[in-house]
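First up is the structure itself, then whatever we jot down about it.
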2 protein chains.
Amino acid sequence: MKTRAQQREETRHLIIEAAVQVFSDRGFHGASTRDIATRAGVNQGLLTYHFKNKDELWRAAADRIFLELRAQMAARRDALQGEAPRHIVREITKTYVRFAAACPELFRFMVEEGKHPGPRMRWLVDTHLKPTYEEFFQYAPIEENLRPHVFYTLAGAASTIFAVAPECKRLMGYNPTTKQAIETHAEYVTNLLLP
Amino acid sequence: MKTRAQQREETRHLIIEAAVQVFSDRGFHGASTRDIATRAGVNQGLLTYHFKNKDELWRAAADRIFLELRAQMAARRDALQGEAPRHIVREITKTYVRFAAACPELFRFMVEEGKHPGPRMRWLVDTHLKPTYEEFFQYAPIEENLRPHVFYTLAGAASTIFAVAPECKRLMGYNPTTKQAIETHAEYVTNLLLP
DNA sequence: CATTTTACTGGTCATTCGACCTATGAAACA
DNA sequence: TGTTTCATAGGTCGAATGACCAGTAAAATG
């Protein structure tokens, strides 16, 4: 027998996972709450019950992705405390590449919302991107006016191949989501940006 | 006074330009034909008249973007005929970065459709991506099994900062679409990938 | 055991979607 | 000049959308 609290969290989790998928697949406007409910195996009315509206559900989905990324990066940073800053940045970068591979939705959310101003973009920047950005450059000794170029070069270089994996498969017959391909990409990108 | 043919092409052009904007803003499912018609300043019924349906309009918009990119890259390649391959690849790369800055819709289309299999993804790969890909590696001496990593690293590194320019402005107070920022990025990315 | 709370269901609402249709008037043509 | 062609306007269709609401049953509470 399940307690109410357990059942509640289980259902919310199902919905959020489905929301991450659908929002990253179709973007905010293209995603339908009915589609999310169907993928979660849940009644559509439940979305309004657990999350007030589509916006709040979107924020829950974004939280799910970005909090996990930030947790993994922080964990890696803490595990390497005391090591040389250069080594720490390199390892954080590899962590980021591996996360981009495991969770391509991250980059899709970023591109989807980063392309036009709006409340969701502002929320995403202020809530998750700013902390991630500041954390990263705390260890990377990059001169101020080059940072935007480095940051977005890294973000794009690390994520794109995984974000468009189906396209990559058709274009070159290469599956970038294998363990080996992910490590190859992590090495390649890290050596490129932080030699 | 305008001839019918002139008027026809003018209207089609207005619609395609609006379609490029809306599709890249909202993705295929999120874009509405009514929104496209409004932005083009034409009646909605005209979209069905000039382009049979939403799919065909999307292909016309994709053509508009990718044919221009391929034309600019080919022009640069032809202008440098006889030069060292290394120099040609570097210049083609810079051309690509500049295009990504002038037309961020390119990358948005690529990510939007590349993330899931489907008829639009297949059409995009077979019609435009395959030729671009083969053209590029004709001049870049990269070993076969690293090409996917190089290709998508370049695509992401070159485009992301421009594709999410509004986000970049809010995150770092940096406008990546100035002439100087574009050239900085072109130099940075080119030296990174093709030193 | 009696009562309250709450996770969940099924259905409804106005609105918006893509596609389609007919009417019209001006350009093209005979 | 009279006739045909066709780019465009306006309106309509069923289907899908996000939000909302009353009803239900089971867990929590006393």
Side-chain angles (χ1 to χ4, degrees), chain A residues 1-62 109 112-113 116 118-120 123, chain B residues 1-62 109 112-113 116 118-120 123:
Chain A
M1 187 180 72
K2 278 178 228 170
T3 72
R4 273 228 270 248
Q6 279 176 329
Q7 182 62 41
R8 180 187 172 86
E9 282 315 302
E10 200 172 298
T11 303
R12 285 178 61 99
H13 181 259
L14 278 176
I15 294 173
I16 290 176
E17 288 305 309
V20 165
Q21 290 300 318
V22 178
F23 278 130
S24 89
D25 253 29
R26 309 267 238 226
F28 182 81
H29 289 98
S32 85
T33 56
R34 277 173 176 81
D35 195 5
I36 294 171
T38 302
R39 289 212 205 184
V42 141
N43 190 287
Q44 190 240 349
L46 266 187
L47 303 210
T48 325
Y49 176 71
H50 283 292
F51 311 89
K52 203 176 56 191
N53 51 34
K54 200 179 175 183
D55 272 274
E56 197 176 295
L57 176 56
W58 179 88
R59 279 194 292 275
F109 264 69
E112 172 67 26
E113 294 304 330
H116 38 53
R120 287 187 303 280
W123 180 90
Chain B
M1 187 181 73
K2 281 177 223 167
T3 71
R4 271 228 271 249
Q6 278 175 330
Q7 182 63 41
R8 180 189 172 87
E9 282 315 302
E10 201 171 297
T11 302
R12 285 178 61 99
H13 181 258
L14 279 176
I15 295 173
I16 289 176
E17 288 304 310
V20 166
Q21 290 299 319
V22 178
F23 279 130
S24 90
D25 253 29
R26 308 267 237 224
F28 182 82
H29 290 98
S32 84
T33 57
R34 279 173 174 81
D35 194 6
I36 293 171
T38 303
R39 288 213 205 184
V42 303
N43 189 285
Q44 190 239 352
L46 266 187
L47 304 211
T48 324
Y49 177 72
H50 284 291
F51 311 89
K52 202 175 58 192
N53 50 34
K54 200 179 175 181
D55 272 276
E56 197 176 295
L57 176 57
W58 179 89
R59 278 194 293 274
F109 263 70
E112 172 69 26
E113 295 305 329
H116 39 54
R120 287 188 302 281
W123 180 89

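In this text the structure is predicted, and so the values were computed from the model without any measurement. Numbered from 1 within each chain, the chains take letters A, B, ... in sequence-line order.
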Using atom [atom1] of [X] as one end and atom [atom2] of [N] as the other, report the distance to the nearest whole Å.
X        : N       : atom1 : atom2 : answer
Ile15(A) : dG18(D) : CD1   : P     : 14 Å
Leu46(B) : dG10(D) : CG    : P     : 11 Å
Gln44(B) : dT8(D)  : CD    : C1'   : 13 Å
Glu10(B) : dT8(D)  : CD    : C1'   : 14 Å
His50(B) : dC20(C) : NE2   : P     : 17 Å
His29(B) : dT16(C) : NE2   : C1'   : 16 Å
Leu47(A) : dA7(C)  : CG    : P     : 15 Å
Asn53(A) : dA19(D) : CG    : P     : 5 Å

Of all the heavy-atom pairs spanning [X] and [Y], show the shortest one and how long it is.
X        : Y         : result
Val22(A) : Ala31(A)  : CG1-CB, 3.5 Å
Asp25(A) : Glu112(B) : O-OE2, 4.3 Å
Phe23(A) : Trp58(A)  : CE1-CA, 3.6 Å

query: Is there a donor-acceptor pair under 3.5 Å between the side chain of Arg26(A) and the backbone N or O of Ser32(A)?
result: no

query: Has the side chain of Arg12(B) got a donor or acceptor atom that lies under 3.5 Å from a matching backbone atom of His50(B)?
result: yes

- line: Side-chain atoms of Gln7(A) come closest, of dC8(C), dC20(D), dA28(D), to dC8(C)

field: Proximal nucleotide (of dA19(D), dT12(D), dT9(C)) relative to the Lys54(A) side chain
entry: dA19(D)

task: Verify the contact: side-chain N or O of Thr48(B) to OP1 or OP2 of dA19(C), cut-off strictly under 4.0 Å; return yes or no.
output: no

task: Would you please confirm or rule out a distance under 4.0 Å between OP1 or OP2 of dA19(D) and any side-chain N or O of Thr33(A)?
output: no

message: By nearest heavy atom, map Ala5(B) and Tyr49(A) onto DNA chain C; which one lands nearer the 5' end?
response: Tyr49(A)

Is a donor-acceptor pair below 3.5 Å formed from side chain [X] to base [N], judging by atom type as modelled?
X       : N       : value
Arg8(A) : dT6(C)  : no
Arg4(B) : dT5(D)  : yes
Gln6(A) : dA27(D) : no

Whichever of Arg34(A) and Asn43(B) has its nearest DNA chain D nucleotide further upstream toward 5': Asn43(B)

message: Just to be sure I understand the rule, does Ala31(B) reach a base, reach only the sugar-phosphate, or reach nothing, if contact means heavy atoms closer than 4.0 Å?
response: sugar-phosphate

